[in-house]
Amino acid sequence: MTVTLTQTGDKTAPAWLDDFRESVEKRVGGLITEEQFKGERLKYGIYAQRQLGYHLVRTKILAGRLSAPAFNALADAADRYGDGGVHLTSRHDAQFYYVKLESLPDILEALHQAGITTEGASGNTLRNMTHCDYSGACAKEIAEVAPLTEAVSRYFLGHPLSRGLPRKIKITFSGCSDDCASAFTEDLGFIAVKKTVNGVDKTGFRLLVGGGQGPVPRLGRQLEEFVEPERINRVILAILTLFNKYGPRANRSRARIKFYIESVGFEKFKQQYIEELNALGDVAPFNLPDLRPKAVTGETIHAKVPSGDLSSAQLRLIGELVSEHPGVEAKITKTCDLLFSGIPKSAEEKFKNELTFIGLLASKRDCGACVFACRGASSCSEGITNTQALSKEIWKLAVDTVGETEPGMTITADGCTNACVRHHTADVGLQGAAKRINGQLVPHYQFYIGGTPKGENPAFSVALLKVPAKRTPEALAYLLNLIKTERKQGETTRQLAERKGAGFFVKELSRFASVPTYEENPGFYRDYGMDHDFTLEDVRPGECAGAAQDMIDGYFTDARTCLLQAKVEFSDNGNGNTAAFVRKAVGNVARALLSSVGLNPPDGDDEAIRDFTTRFVARGLVSDERLKVLTSTGPGAPDMAALLKAGEGFLEEVYAASQKLSGKSAVAKEEAVPGVLDLSGVKCPFNYVKVKLALEGLSQGTKLSVILDDGSPIRNVPASLSNDGHKVVSIDAHEGGRFLLTVEKA
């Protein structure tokens, strides 16, 4: 089996490196701003870290393949420029952390000399293409897609259409209908299929478009039934052209292909695609590899990497191991692990023992727990919770609980709603969240169950409830044992969740949801790996939109959880605490809509319902029919069944109203006051929402002046508005230590 480096063999420093080095020198010297430098660094896989002055550098490992020299090159770069290690990602990438600004050109040059690229690994680009992990080592595959993934990746490296897009595009390839690469959940997904033409079997690909995870997960839809392999580059070029031409750019949070399709309708998108495809004319072909499945030779070992982290010492030992076994191929998997294939049967046990010595866990395919997590707040500027520290707590726990011979179970932990490690399609998913309790923020994890990323009928997981971070490991262990106990022979976690119902799991996990007072246990108010009280003050400037949406979505999720608990209470105990849970649900629904118009909602349910009634019901924005049922007491109050029905109807009605709120709504118009919008004392992200609504009520090119407090408000709001496409005209000092922001409507 051929072992390749991840890029070309060209050792000549690329022309862009001198330009980038000059940009770094200007930034070091203060000649350009961070915002100006941001556009330069994102071209080459470089993100600003949460820690000021440090950067994350993401490599683009083509098809995930790593040779022995590549492992050593990663180790050298980690020691010389980073923190002595790398983190493997779900897109076959390896990431460095704590790289200083002045070292950025040097690490890029060192990686390039080793044949490893970072170009297009971040920003609004065609991201690293992925494929099913067992490509080339799977008896079921119709096409061997790993070489195809690498060939298509090389074709688009540096292609002008692969960058400067409205937003990023992710592509994956699956070798058969099992769809182990999860093509339904990517912007573009290719699934190998067979078709008989004039009595001859042809191999091609089913094309799916518009999938994605993140805060609003979507499953892709079929755009073409059969794409001939030699047309793959044309198909991608047509979609890139279409997206570049029509894709929205003003609102980054809605600038993905899935949202564009929803805005114009699938049929119109398909028509635009056909038009662009026909208009392409002649295009340069790509180097199409042989797709015929090879006879599977040798053994394959899935080596689980705890937390996805490898030290430089481990990288060098893996490099030695691979070099000692010519013909063995190593690649990064979509589960942030390593896969070794082509191992001679006689060397299998020795290979496993070596992996164990290195600190990895050799695993059978589709057996045991597969635990992977993003780095979260340990370094990511968008992370809410420290998933890196949590993953170290739960990794061995999960592996031991599930057992090595049990059916495979994926457990993923995301530090925010971006879903980088795909909690929406995990058997058990965890998503970092913040809840304000007794006036203080407490780190939590939203539990999900039953995601199914593979096969003809993929499905997203079902939200359960939020558990405090400090109780998440014991809650996870309890849930995993519960799944093992309740699951029937041959039943998947998804099937179990559907059979038992989400309410069953919510009830079982509710014992872990309580939070002691700060005086009783201040540790609950600190995240894993942190020595200070939990805060969101250091979340990336400019991410107000995401924080606001996360908060609103969180209230709606909590409301649904309360209604699930009410249903369980009603079915198990008659009336029981049904009314109390419904009341909590109504309070959370009220807080969600109040937050959507920039109001900081009160913690108390009664107060939230009162403000909601004044703000929305009294003005006719939401009907009062169901709310009357939900708030009536004494004689004539509804029975519990009617109360539950009213609660569910109220949630869906208000959720629909929240989706419709825009600059044309009565609420938005009220915020669009002339003159200066004084937001003194208004905290993030509520200040951002108020400015956003005010701008939506203005015509394009109109300027709005806003008074903002020092600190997070003046740091975050202008950057967020800039991300939305508006122009920040000026920021001037204002009386009382505040600032006057002037912004022009896009």
Side-chain angles (χ1 to χ4, degrees), residues 213 215 217 369-374 376 383-387 389-391 393-395 397-398 401-402 409-435 437 442-453 459-487 492-494 496-515 524 527-528 550 553-565 567-568 581 584-585 588:
Q213 299 222 11
C370 186
V371 184
F372 54 111
C374 69
I384 294 173
T385 54
N386 188 352
T387 41
L390 175 77
S391 68
E393 292 283 333
I394 66 174
W395 195 84
L397 172 155
T401 303
V402 174
M409 188 181 298
T410 55
I411 299 110
T412 70
D414 276 303
C416 70
T417 60
N418 286 340
C420 292
V421 293
R422 310 188 300 274
H423 63 264
H424 291 298
T425 49
D427 288 293
V428 175
L430 307 174
Q431 177 209 304
K435 285 188 74 172
I437 298 175
V442 181
H444 277 68
Y445 282 92
Q446 172 70 52
F447 273 63
Y448 292 83
I449 190 171
T452 305
F460 292 122
S461 54
V462 178
L464 299 180
L465 79 170
K466 291 188 179 80
V467 172
K470 288 301 174 71
R471 299 205 69 182
T472 291
E474 60 178 317
L476 177 62
Y478 183 86
L479 178 59
L480 294 178
N481 275 313
L482 190 65
I483 292 170
K484 285 180 65 176
T485 302
E486 296 288 340
R487 189 161 55 183
T492 65
T493 306
R494 177 72 186 186
L496 169 66
E498 290 174 340
R499 176 168 61 84
K500 299 293 288 187
F504 168 78
F505 295 99
V506 167
K507 180 184 177 184
E508 291 291 335
L509 288 177
S510 61
R511 67 193 70 192
F512 301 103
S514 61
V515 177
F524 268 70
D527 202 358
Y528 276 106
D550 181 46
D553 290 344
Y555 283 132
F556 279 121
T557 300
D558 289 346
R560 290 190 176 93
T561 298
C562 289
L563 288 174
L564 279 173
Q565 290 174 301
K567 282 184 176 179
V568 171
F581 281 122
K584 285 183 180 179
N588 279 315

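In plain terms, the two heavy atoms of Gly503 and Val568 that are nearest each other are O-CG2, 3.2 Å. Counting all heavy atoms, side chain and backbone alike, Ala426 lies closest to Ser461 at O-CB, 4.2 Å. Heavy-atom minimum distance, Phe524 versus Ser514: CE2-O, 4.1 Å. Here the shortest heavy-atom pairing between Ala459 and Thr425 reads O-CG2, 4.3 Å. Between Arg494 and Phe460, the closest heavy-atom pair is NH1-O, 2.6 Å. Minimum heavy-atom separation, Val421 to Ala413: CG2-O, 3.4 Å.
With contacts defined as side-chain heavy-atom distances shorter than 4.5 Å, the pair Leu430/Thr385 does not qualify. Between Thr417 and Gln431 the shortest side-chain heavy-atom distance falls below 4.5 Å. Asn588 has its side chain out of reach of Thr561: every pair of non-hydrogen atoms, C-beta onward, lies at least 4.5 Å apart. Within the 4.5 Å cutoff, side-chain heavy atoms of Pro473 are placed close to those of Leu390. Using a 4.5 Å cut-off on side-chain heavy atoms (C-beta onward), Asp558 and Lys435 make contact. Side-chain contact between Phe505 and Leu496 is present, with heavy atoms from C-beta onward closer than 4.5 Å. In this structure, Arg422 and Pro453 have side chains that are not in contact, with every pair of non-hydrogen atoms separated by 4.5 Å or more.
Taking the salt bridge (Lys or Arg N to Asp or Glu O under 4.0 Å) definition, one finds that Lys507 meets it with Asp572, sequence neighbours left out. Qualifying ring pair (Phe, Tyr, Trp, His ring centres under 6.0 Å) partners for Tyr528, counting only residues two or more places apart in sequence or in other chains: none. In this structure, the ring pair (Phe, Tyr, Trp, His ring centres under 6.0 Å) partners of Tyr448, at least two apart in sequence or on a different chain, are His423, His424. For His444, the ring pair (Phe, Tyr, Trp, His ring centres under 6.0 Å) criterion is met by no residue, not counting sequence neighbours. Remark: Arg487 engages no residue in a salt bridge (Lys or Arg N to Asp or Glu O under 4.0 Å) (not counting sequence neighbours).
A distance of 10.5 Å separates CD of Gln446 from OG1 of Thr472, quoted to the nearest 0.5 Å. Atom NZ of Lys484 and atom CE of Met409 lie 8.5 Å apart (nearest 0.5 Å). In this structure, NZ in Lys567 is found 14.5 Å from CZ in Phe581, a value given to the nearest 0.5 Å. In this structure, CG in Asn386 is found 8.5 Å from OG in Ser391, a value given to the nearest 0.5 Å. Taking CG from Leu480 and OG1 from Thr485, the interatomic distance works out to 10.5 Å, rounded to the nearest 0.5 Å. Of the inter-residue distances, the one linking Leu465 atom CG with Tyr445 atom OH reads 15.0 Å to the nearest 0.5 angstrom.
Sorted by first then second residue, the salt bridge (charged side-chain N to carboxylate O under 4.0 Å, His left out) pairs that include residues 468-477, not counting sequence neighbours, are Arg471-Glu474.
Evaluated for a side chain to side chain donor-acceptor pair (under 3.5 Å) with Asp427, the options Thr452, Thr492, Thr493 yield exactly one hit, Thr493.
Counting only distance, with no hydrogens or angles, the side chain of Lys466 and the backbone of Thr557 share no donor-acceptor pair below 3.5 Å. The backbone N or O of Gly376 sits less than 3.5 Å from a side-chain atom of Thr387, completing a donor-acceptor pair.
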Set out, in order, the CA-CA distance, both residues' side-chain angles and the distance that settles side-chain contact (heavy atoms from CB on, under 4.5 Å) for Leu464 and Leu509, then state yes or no. CA-CA 8 Å; Leu464 299 180; Leu509 288 177; 3.9 Å; yes
